[in-house]
Amino acid sequence: MAYKITHVSRAQEIRFPTQAAAEHYADRLGGGLDKWQVREAGAETPGAVSIAEPANRG
């Protein structure tokens, strides 16, 4: 299962083949695990809101 890390203060996402690889990059090369959110690649971004289009009532 693929994982991705998203930087908490920049618009940056990086995809990895495993959770261990994602956490290793964030911790060792990305400035610390506290600066990144690690989640499954298909997971919705926390706080994202889905807005449905209004029905056409014409």
Side-chain angles (χ1 to χ4, degrees):
M1 176 177 307
Y3 283 82
K4 66 180 175 181
I5 58 174
T6 305
H7 199 274
V8 296
S9 63
R10 292 189 308 235
Q12 182 179 9
E13 285 187 350
I14 306 171
R15 188 176 169 112
F16 295 88
T18 65
Q19 183 176 0
E23 290 176 351
H24 175 78
Y25 176 90
D27 188 41
R28 304 292 172 134
L29 303 171
L33 201 51
D34 59 325
K35 294 183 170 116
W36 298 88
Q37 294 176 343
V38 179
R39 63 182 179 277
E40 292 179 19
E44 189 174 314
T45 305
V49 176
S50 234
I51 301 174
E53 289 291 321
N56 187 358
R57 298 185 184 198

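Only this structure's heavy atoms are used, side chains among them; waters, hydrogens and symmetry mates stay out.
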Is it possible for you to say whether Val8 and Leu33 belong to one hydrophobic cluster, with membership spreading through side-chain heavy-atom contacts below 4.5 Å? no
Heavy-atom pair of closest approach, residues Gly30 and Lys35: O-CD, 4.4 Å
Atom of Ala41, atom of Arg15 and distance for their closest heavy-atom approach: CB-NH1, 3.3 Å
Kindly write out the residues that satisfy side-chain hydrogen bond (donor to acceptor under 3.5 Å, both in side chains) with Arg28, not counting sequence neighbours, or none if the list is empty. none
In chain order, what residues pass the ring-ring contact (aromatic ring centres under 6.0 Å, His included) check against Phe16, with sequence neighbours excluded? Tyr25
Rounded to the nearest 0.5 Å, what separation is found between the CZ atom of Arg39 and the CD1 atom of Ile5? 10.5 Å
Starting at CH2 of Trp36, measure out to CD of Glu13 and round the result to the nearest 0.5 Å. 9.5 Å
